[in-house]
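Atoms considered below: every heavy atom in the structure, side chains included; atoms not considered: hydrogens, waters and symmetry mates. This is a predicted model, so every value here is computed, not measured.
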Amino acid sequence: MQKTSTRTLYDYWNSIRGSRSAPERKDIDPTRIREALANTFILELDESEKFSFRLAGSHLCTSYCRELKGRSFSALWHERDGDAMETLIRAVTEDHAVALVTFQGTTALHTKVSFETILMPLRHNGSTHTRLLGAMTALDEPYWLGVQPIMEQRITGLRLIWPDDVALDDGARDVATKVVNDVAFGAQTAPLAMPAVVYGRTARRYAHLAVIDGGRQ
């Protein structure tokens, strides 16, 4: 986690969930995450079975030069990354993983900026399938950010974190594998996983991406 807002929100989420896989929506106290609030968002499942923004912080809306509340989160992603994001979201809502994603945003003038986003499960009426808590922060802030809206975004890296350090079962590993296979620019043949070491951690590399199965560290 490269940005303070990402780490702040993750640490807060981790502290309030206790022994549960995810905290309740009502447990969140915005005053406890003031440092991250402008980059924080909550997603909700809409009538089309896609996720839309229920709440979005001011810095996040500024980056897109528009109010994001009510807008589709799924529609932000390049069409080639759509299936990958849906699979990643299922890993969060169903398997209660935490997803850490980096992506490159591009404007109509073809200027680019990289972002870090985190997605965490959130309970609503006891279910983790209809709400997500997250943060999205630019890794750098070029002078034009907030003036030129982000029009397209492509995934550049991802990591699935298992907060309780539970060993992955075969089903969860299949989720992680499908994500990176889908991200590999629509490749029809699944690439073989190659062992790799990323920042000192054992990883599985697929094409230009690596999935690190990690815990809290």
Side-chain angles (χ1 to χ4, degrees), residues 1-44 51 53-61 63 68 73 76-77 84-85 87-103 105 114-124 127-141 153 155-168 172 175-176 179-180 198-203 209-217:
M1 299 181 191
Q2 301 180 56
K3 303 302 293 185
T4 300
S5 56
T6 307
R7 170 60 68 179
T8 297
L9 190 62
Y10 174 76
D11 287 345
Y12 176 67
W13 171 88
N14 213 19
S15 68
I16 63 174
R17 72 184 179 90
S19 60
R20 301 168 295 177
S21 60
E24 287 281 350
R25 166 65 181 88
K26 63 183 180 181
D27 295 338
I28 298 176
D29 179 359
T31 64
R32 298 273 305 277
I33 51 173
R34 289 190 184 94
E35 297 175 356
L37 201 57
N39 298 97
T40 297
F41 59 83
I42 291 179
L43 304 179
E44 66 176 347
F51 277 91
F53 288 96
R54 183 175 180 84
L55 296 171
S58 58
H59 287 180
L60 184 53
C61 293
S63 296
L68 292 176
F73 175 79
L76 294 178
W77 304 92
M85 283 306 303
T87 303
L88 197 65
I89 286 174
R90 286 198 299 273
V92 177
T93 58
E94 297 177 10
D95 299 319
H96 305 146
V98 171
L100 186 65
V101 181
T102 54
F103 68 89
S114 293
F115 287 82
E116 174 180 78
T117 188
I118 190 168
L119 297 172
M120 295 166 285
L122 189 63
R123 294 185 186 279
H124 179 66
S127 170
T128 60
H129 289 77
T130 63
R131 295 288 190 278
L132 285 171
L133 176 66
M136 189 182 294
T137 311
L139 296 181
D140 296 302
E141 295 194 13
Q153 53 196 54
I155 296 172
T156 56
L158 60 88
R159 176 180 179 183
L160 293 176
I161 302 170
W162 307 89
D164 292 319
D165 296 326
V166 177
L168 295 179
V175 169
V179 169
V180 288
V198 180
Y199 298 120
R201 303 292 300 278
T202 300
L209 299 177
V211 169
I212 303 171
D213 300 322
R216 297 179 183 175
Q217 299 301 319

Flag, side chain of Arg131 to backbone of Ser127, donor-acceptor distance under 3.5 Å: no

Quick check: do Asn39 and Glu116 have side-chain heavy atoms less than 4.5 Å from each other? no

Determine, using ring centers only, whether Phe73 and Phe51 are less than 6.0 Å apart. no

Distance-only, no hydrogens or angles: does the Thr117 side chain make a donor-acceptor pair with backbone N or O of Ala135 under 3.5 Å? yes

Any non-hydrogen side-chain atom of Leu119 less than 4.5 Å from a side-chain atom of Phe41? yes

Atom NE2 of His96 with >12 non-hydrogen neighbours under 6.0 angstrom: yes

Quick check: do Pro163 and Arg17 have side-chain heavy atoms less than 4.5 Å from each other? yes

Contact summary for Phe53 and Ala56, nearest pair of heavy atoms: CD2-CB, 4.1 Å

Can you list the steps and then say if Arg159 with Thr102 is a side-chain hydrogen bond (donor to acceptor under 3.5 Å, both in side chains)? CA-CA 9 Å; Arg159 176 180 179 183; Thr102 54; over 6 Å; no

For Pro121 and Val92, work out which heavy atoms get closest and say how close. N-CG1, 3.3 Å

For the side chain of Thr6 and the backbone of Met1, is there at least one donor-acceptor N/O pair under 3.5 Å apart? no

For the CD atom on Glu94, are there more than 12 heavy atoms of other groups (residues, nucleotides or ligands in this structure) within a distance under 6.0 Å? yes

Within 6.0 angstrom of Asp29 CG, more than 12 heavy atoms from elsewhere: yes

Taking atom types as modelled and ignoring hydrogens, do the side chains of Arg34 and Thr8 form a donor-acceptor contact shorter than 3.5 angstrom? no

Are any of the side-chain nitrogens in Arg32 or Asp27 under 4.0 Å away from the carboxylate oxygens of its partner? no

